[in-house]
2 protein chains.
Amino acid sequence: MAMDERARHLLKSLIEQHIANGVPVGSRQLAKGAGLNISPATVRNVMADLEDEGYLISPHTSAGRIPTHVGYRFFVDALLRVVPLSPESHQLLIHRLGHYIPDTEQVLHAATEVLSELTHMAGFVRVPRRANRTLRHVDFLALREKEVLAIFVTDKGDVENRLIRTEHALSAAELNQAANFFNESYGGRPLQEVIQHLQRDLQQSRHEMDRILRSAMELGEEMLEEDQQRMLIEGEFQLLDLPELAGSERLRELLNAVRQKRDLVHLLDSSMRGSEVRLFIGEESGFAPLSDCSVVSAPYVVDGEVLGVLGVLGVIGPMRMPYQQIIPLVDGTAHLLGRALSQS
Amino acid sequence: MAMDERARHLLKSLIEQHIANGVPVGSRQLAKGAGLNISPATVRNVMADLEDEGYLISPHTSAGRIPTHVGYRFFVDALLRVVPLSPESHQLLIHRLGHYIPDTEQVLHAATEVLSELTHMAGFVRVPRRANRTLRHVDFLALREKEVLAIFVTDKGDVENRLIRTEHALSAAELNQAANFFNESYGGRPLQEVIQHLQRDLQQSRHEMDRILRSAMELGEEMLEEDQQRMLIEGEFQLLDLPELAGSERLRELLNAVRQKRDLVHLLDSSMRGSEVRLFIGEESGFAPLSDCSVVSAPYVVDGEVLGVLGVLGVIGPMRMPYQQIIPLVDGTAHLLGRALSQS
DNA sequence: CCTTGGCACTCAACCATCAGGAGTGCTAAT
DNA sequence: ATTAGCACTCCTGATGGTTGAGTGCCAAGG
């Protein structure tokens, strides 16, 4: 059964009130706040219906009603009118992300921080996948007697390094030769391809220099793996003073879960397809510690949609969050971050 | 006035009981627990004296007594007998830090984690100062049209990189030449010296290539500065379920302070001189958010005392912590970490 | 049929009261 | 100097009544 126009209005008003105050909303309050000229009794009838249909729930007999996650979902899908970003927020965003900063890390960090600051919730930025990186340059340096430092550089400017122990001392000349070989054979080729090649070629080889190459290959693998997992999070502590979560146990779990990041990363990667803001409200995330929270995420695109690189960012907060403002904020941040990382 | 032998014993017993249970200790309890054959009334007299002298305090009229930070200080200085590390803990330490891992970051991380795990408190490791690093190698790579990636490597295997925008496109040959010049002029020289030199030489120059060198110099400066501030912290959340801090406000402050790290770093650097475990109990740290906490820290030495490198590590927890076990644990971790980082 | 006032009912929150227990300080006797 | 005894304080938990917000249902009125 389709919902009554009036019922929709009341639901909307109820959720807005609850978002604003955080307390359950009663019929008297709602009747007044909704601006319709109807009595609390009528409102009660409507509320009872909404409860039957799963949009509302009553914490206990004599305490108004609060939205369920189904209610919130209906609210954001059908009732919510997103407001444009406030000028101050927009200014701040531009100021922090609007101009070119060459260091990727720094930009990602700035984005995480600004999300957390403006929303007073936990902000996160998933480090973009760079599956299509190509190898730009490799160096092998002899640091001490039997230690070689391998340095990998990709065309995107990612640099990764690792110390490798060797069984015999290797001369600078030998290492140079190996690096040259590496650069000539693999320079400019996709990292993934490089690794596959190496994996085949070095299968049985036992030569010392090949051991170095193999270690180097492992390093390359790490580079691909690592950013599979990386995610910046800022402002988790803001979650500490959300009254709805304040009760001990769940909060600990949540913070730990956020710290672990693993499942979170999973959840978010699924939301990377598509180019719109996405919401996970309460249980919708299918991830227990987040049952009381909502996640608002948006993918961002670096260097064009086709060959480009994708990432996700967003915020984690209570279900009761001001979606009208949070959504455009997350959206705007995603656009700006994408642009900041794209500029050549 | 020197403290009575019996008073000392009672103070010791009281603090031990309080550390074990977390609740204020009354005269009856204490009389029983101390093993002396005296009545609660006598104990009360002694306790009253100890309170007058500032070692104890009574939360309210009819609730036993708890130690003040002065009491704890006297306890650890004069009464505490440190027990040797438990075999299990020792095993775990050895397992996690006992063998050589070439990657410094990884070792530091492992140490932080193991501190937090074994103590159930927040563990931290201050990244060692490497003021005496020398420059090992420099690379300049043209990534895109007008972007140069500068890579610095020190003799200790630290690698740092930064993207530099240039006004004109520079050829690979030009960059190579610059890098060669750099490596030949400065390779093997202390980083600090390199920077000073560059600062003098590049003062007025406006040539594009010199701009790159100047950017490179700034990168070098960052390398020196950065690890001035760096510190790893793990397990802050463990502090969440300390009943004594559970009360909201202070905890938020503490977590934020820990997050900021700045003042903490200050505090710890002061404790780096000397080679022993050091304790800051409650207000002693002179750092408000830590008023309810104790910090147990120990310096660690990498590559020998004279030319070596110094760092600090330790834990942050409630004043009421089992010092007898925490102290040797922090001490042991410091030794092992020092050794793990020293092995060639 | 929808709306509304009325009414009985429920329940959390607040408050006061009370008993019990732990602990203290003081005093007087040993 | 030690200790038993005692009066006193204060926290804690249980009990119970009151209040106020809110509900559900019903019956009357548009």
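Because only heavy atoms are used, hydrogens play no part in the values below, and waters and symmetry mates are left out as well, while side chains stay in. Throughout, protein chains are lettered first and strands after them, A, B, ... in sequence-line order, and every chain is numbered starting at 1.
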Worksheet entry | Under-4.0 Å salt bridge between B:R73 and B:D77 |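 So B:R73 pairs with B:D77 through a salt bridge.
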Worksheet entry | Salt-bridge criterion met for A:R259 and B:E234 (N-O under 4.0 Å) |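 Yes, charged N to carboxylate O under 4.0 Å.
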May I have the distance from [X] (atom [atom1]) to [N] (atom [atom2]), rounded to whole angstrom?
X: A:R28; N: C:dT4; atom1: CZ; atom2: P; value: 15 Å
X: A:N45; N: D:dC25; atom1: CG; atom2: P; value: 10 Å
X: A:L30; N: D:dA21; atom1: CG; atom2: P; value: 16 Å
X: A:D49; N: C:dT3; atom1: CG; atom2: C1'; value: 14 Å
X: B:L56; N: C:dT24; atom1: CG; atom2: P; value: 10 Å
X: A:R44; N: C:dC2; atom1: CZ; atom2: P; value: 18 Å
X: B:L36; N: D:dA1; atom1: CG; atom2: P; value: 18 Å
X: B:L50; N: C:dG23; atom1: CG; atom2: P; value: 17 Å

Worksheet item: When you check the phosphate oxygens OP1 and OP2 of D:dG22, does a side-chain N or O of A:S62 lie under 4.0 Å from one of them?
Response: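 So the side-chain polar atoms of A:S62 never come under 4.0 Å of the phosphate oxygens OP1 or OP2 of D:dG22.
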Of the candidate nucleotides [options], which contains the atom at the shortest distance from the side chain of [X]?
X: A:R6; options: C:dT3, D:dA21, C:dT24; answer: C:dT3
X: B:S27; options: D:dG24, C:dT24, D:dT23; answer: C:dT24
X: A:A48; options: C:dG5, D:dG24, D:dC11; answer: D:dG24
X: B:S39; options: D:dC11, D:dA4, C:dC11; answer: D:dA4

Worksheet item: For residues A:S58 and A:E51, is any side-chain donor paired with an opposing acceptor at under 3.5 Å?
Response: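 No pair is found: no donor N or O on one side chain lies under 3.5 Å from an acceptor on the other.
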Worksheet item: Hey, which of these two, A:A63 or B:T42, hits DNA chain D nearer its 5' end, going by closest nucleotide?
Response: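 Looking at the nearest nucleotide for each, B:T42 comes out on the 5' side.
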Item to complete: Starting from the 5' end of DNA chain D, give me the residue, B:P40 or A:S58, whose nearest nucleotide shows up first.
Response: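 Mapping each residue to its closest nucleotide by heavy atoms, the 5'-most match is B:P40.
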Worksheet entry | Within 6.0 angstrom of A:H90 NE2, more than 12 heavy atoms from elsewhere |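 No, NE2 of A:H90 has 12 or fewer neighbouring heavy atoms, counting only those of other groups under 6.0 Å.
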Discussion item. Check this for me: A:I57, atom CD1, are more than 12 non-hydrogen atoms of other residues, nucleotides or ligands nearer than 6.0 Å?
Written reply: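 For A:I57, atom CD1 is not crowded (no more than 12 foreign heavy atoms under 6.0 Å).
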Practice prompt. Look at the side chain of B:T61 and the base of D:dC10, then say whether one donor and one acceptor between them are separated by less than 3.5 Å.
Written response: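 No pair found.
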